[in-house]
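The figures that follow rest on heavy atoms only: side chains count, while hydrogens, waters and symmetry mates do not. Counting convention: from 1, in listed order, for ligands and their atoms alike.
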Amino acid sequence: MTEKATLHLNGNDYELDVVVGTEGEVGIDTLKLRANTKAITLDPGYGNTGSCTSAITFIDGENGVLHYRGYPIAQLAEKVSFEEVAYMIVWGELPTQAQLDAFKVQLDEQAMLPTGIYDLIKTFPRDAHPMGMTQAVCAALESYSAPDADTNTHIISFIAKFKAITAALYRHAKGEPIIYPTSGLSYAGDFLKMMYARPGNDYEIDTAVEAAMNKLLILHVDHEQNCSASTVRMVGSSQASLYASISAGVGALWGPLHGGANQRVLEMLDSIKNDDDRTTADYVAMAKDRDSGFRLMGFGHRVYKNYDPRARILKAATDEVLNKLGVKDPLLSIAKELEQAALEDDYFVQRKLFPNVDFYSGIIYRALGIPVNMFTVMFALGRLPGWIAQWKELSDDPKARIYRPRQIYIGETKRDVPAIGERG
Ligand code: CMC
C-alpha cells in the first residue's frame with residue numbers, strides 16, 4: 001500500500017496523504033487540496049467522500065458485513081439487549097454487569113417525560129404525521145433539560161425518554177390516555193407496555209414480542225455516515241446542542257429514500273395486494289422503467305452491493321415472529337414473491353440491488369400492531385443511540401471543524417442590476 005497518492009493537475013504533480021482504516025479502507029486525504037492546488041473535489045451525493053474518521057460502525061458493502069464497535073450485527077442481535085448495545089455504541093465498550101445495572105437504574109430514573117412535553121404532544125392534530133411531531137418534541141426537550149447538566153446526563157435522559165415519547169405519540173393519535181414508564185422492565189418491555197397497556201390494568205409482556213422488539217431496535221442502532229447520521233454531525237459541527245442535532249436527524253430520516261422507506265414498503269405491498277389489474281411482475285417491470293417514477297421500496301442501498309445483513313436477519317425474524325404470534329399476513333408472501341422476482345431479474349442483478357433493512361421490518365411492526373405511519377418513528381427509536389454516538393464522537397474530537405462543503409458555481413457571471421423597466 002502506497003502512503004501517498006499523486007495528483008496531476010494543470011501540469012503539476014501534487015502528493016496527497018493516504019489514510020488507511022483498521023479494516024483496510026483507503027482514503028485520499030484532501031484536507032490541504034484546495035490550499036495547495038486551488039481545486040476542490042466534486043462529489044454530489046458524497047458517494048466517494050469520507051466526511052470523517054470514525055470508530056463506531058464498520059460496513060463492508062461488497063460483502064454484506066456490518067459491525068458495531070467491531071461486533072458482528074448477527075451476534076449482537078442474538079446475544080444482547082438493546083440497552084447493552086446503546087451503552088456500547090455511545091461509550092465504546094459493552095457494559096460490565098455492574099455498569100449495565102447502573103445504566104438501567106439511570107434509564108428508569110430519567111424515563112418520565114416532563115409535563116410540558118406531555119402537554120405539547122396533546123396539542124398536535126391526532127392525524128399529524130408522527131415523524132413531524134417527533135422532530136418537534138426532540139427539539140422541545142432541550143427547553144426542559146437542566147442547562148448545567150453534563151453531556152452524559154443529557155445522553156442518558158434522551159435515550160430514557162425516547163420510548164415514552166414514541167408511545168405517547170401513538171396513544172395520542174389513537175385518543176387513548178397516556179401510560180407512564182414503569183421501572184424494572186427492559187427497554188423493549190417498557191416501551192410495549194406504554195404502547196399497549198390499558199389504564200389501570202396489569203399488562204403482561206409477551207416475551208416473544210419483547211425479544212422481537214429488542215432485535216428490531218438493535219438492528220437499527222447505527223449505520224455509519226448515512227443521511228441522518230451525517231445530518232446529526234453536520235448540525236452538531238456548528239456546536240448546536242444534542243437536542244437540536246437529533247431533531248435534525250429525525251427530519252433527515254423521515255424521507256422515503258432513507259428511513260421513510262419502511263412506511264413506503266408497506267404501502268407498496270398493500271397496493272400490490274389490492275391491485276386487480278397488475279401482477280407482482282408488472283410492479284417489477286415498472287421499477288425498471290425510469291419513466292414510471294416507481295422504485296421498488298426497500299430495495300437498493302448506497303453502500304451494500306450485496307444482501308443487507310440486517311435484511312437477512314429480519315427476513316428470518318419475520319417468519320419467526322408471525323409464527324409465534326399466529327399471524328398470517330398476505331403481505332409477507334407478496335414481499336417474498338417480489339424479492340424472488342427481483343433477485344432473478346437482470347436489472348436488479350446487474351445493479352446489485354438487494355432488499356435493505358426496510359423491506360421486512362414493516363411486516364413485523366404490523367404484526368406487533370404498530371400503525372404504518374409510526375414505522376419510521378420505530379426506526380428512530382432504535383437509531384437514537386447511534387445518532388448520539390455520532391454526535392458525541394464529533395463533539396469529543398478536538399480537531400473537529402464545522403461541516404462546510406464548497407461548491408462549483410455554475411450560475412451567471414457578474415452582471416449589473418437593470419432598472420425594472422429594462423428587465424424580462
Ligand atoms: N428500484 C429500482 N431501481 C433502483 C432502485 C430501486 N429501489 N434503487 C436503485 N435503483 C437503480 C437506479 O435507478 C439506478 O439505475 P441506473 O444505473 O440505470 O441509473 C441504479 O439502481 C443506482 O441507483 P442510485 O439511485 O444511483 O443509487 P443511490 O445509491 O443513489 O440510492 C437508494 C440508494 C437507497 C436511495 C436507492 O436504492 C433507492 O431509492 N431505494 C429505494 C428506497 C429505499 O429502500 N431506501 C432505504 C435505504 S436503506 C435504509 C436507510 O438508509 O434508511
Side-chain angles (χ1 to χ4, degrees), residues 43-49 57 59 61-62 64-66 68 73 131 134 216-233 248-269 271-272 280-315 335 338-365 372 374-384 386-387 390:
D43 183 20
Y46 307 141
N48 305 286
T49 298
T57 291
I59 303 175
E62 274 68 36
V65 169
L66 169 61
Y68 297 163
I73 188 67
M131 281 298 275
T134 305
L216 278 160
L217 293 174
I218 291 174
L219 291 175
H220 287 88
V221 162
D222 195 57
H223 216 232
E224 54 118 306
Q225 305 312 315
N226 56 79
C227 178
S228 58
S230 299
T231 300
V232 169
R233 279 188 181 254
V250 173
L253 187 75
W254 192 355
L257 298 188
H258 191 9
N262 58 12
Q263 173 177 343
R264 300 298 177 97
V265 169
L266 236 282
E267 290 165 353
M268 172 186 78
L269 295 174
S271 13
I272 298 178
T280 307
D282 293 330
Y283 278 86
V284 172
M286 252 182 356
K288 290 158 48 176
D289 174 9
R290 267 170 182 266
D291 297 333
S292 73
F294 173 77
R295 276 193 165 196
L296 217 51
M297 297 314 285
F299 253 77
H301 199 275
R302 171 62 62 80
V303 182
Y304 291 120
K305 301 303 163 201
N306 201 325
Y307 213 101
D308 179 338
R310 303 166 300 172
R312 196 184 297 286
I313 298 168
L314 278 169
K315 187 178 179 184
L338 203 55
E339 177 189 342
Q340 193 59 32
L343 293 182
E344 286 167 2
D345 191 296
D346 271 358
Y347 174 97
F348 291 88
V349 173
Q350 278 163 13
R351 288 169 182 74
K352 300 189 171 144
L353 301 170
F354 295 88
N356 60 48
V357 69
D358 296 318
F359 195 67
Y360 284 105
S361 60
I363 297 176
I364 308 188
Y365 291 142
V372 178
M374 287 285 299
F375 286 5
T376 314
V377 185
M378 293 304 302
F379 191 144
L381 182 63
R383 182 54 58 90
L384 179 71
W387 285 331
Q390 299 287 346

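- Sorted by chain then number, the residues whose non-hydrogen atoms approach ligand 1 to under 4.0 Å are P256, L257, H258, G259, A261, A287, R290, R295, L296, M297, G298, F299, G300, H301, R302, Y347, R351, L353, N356, V357, D358, F379.
- Annotation: cation-pi geometry satisfied between R351 and Y347 (NZ/CZ under 6.0 angstrom from ring centroid, within 45° of ring axis).
- In this structure, CZ in F375 is found 10.5 Å from CD1 in I364, a value given to the nearest 0.5 Å.
- In terms of modelled atom types and a separation under 3.5 Å, the side chain of R310 and the main chain of L216 share no donor-acceptor contact.
- Taking the six-membered ring for Trp and the full ring otherwise, the centers of H301 and Y307 sit at least 6.0 Å from each other.
- To the nearest 0.5 Å, atoms CZ (F294) and OG (S271) are separated by 7.0 Å.
- The aromatic rings of H223 and Y304 sit tilted relative to each other, their planes meeting at an angle between 30° and 60°.
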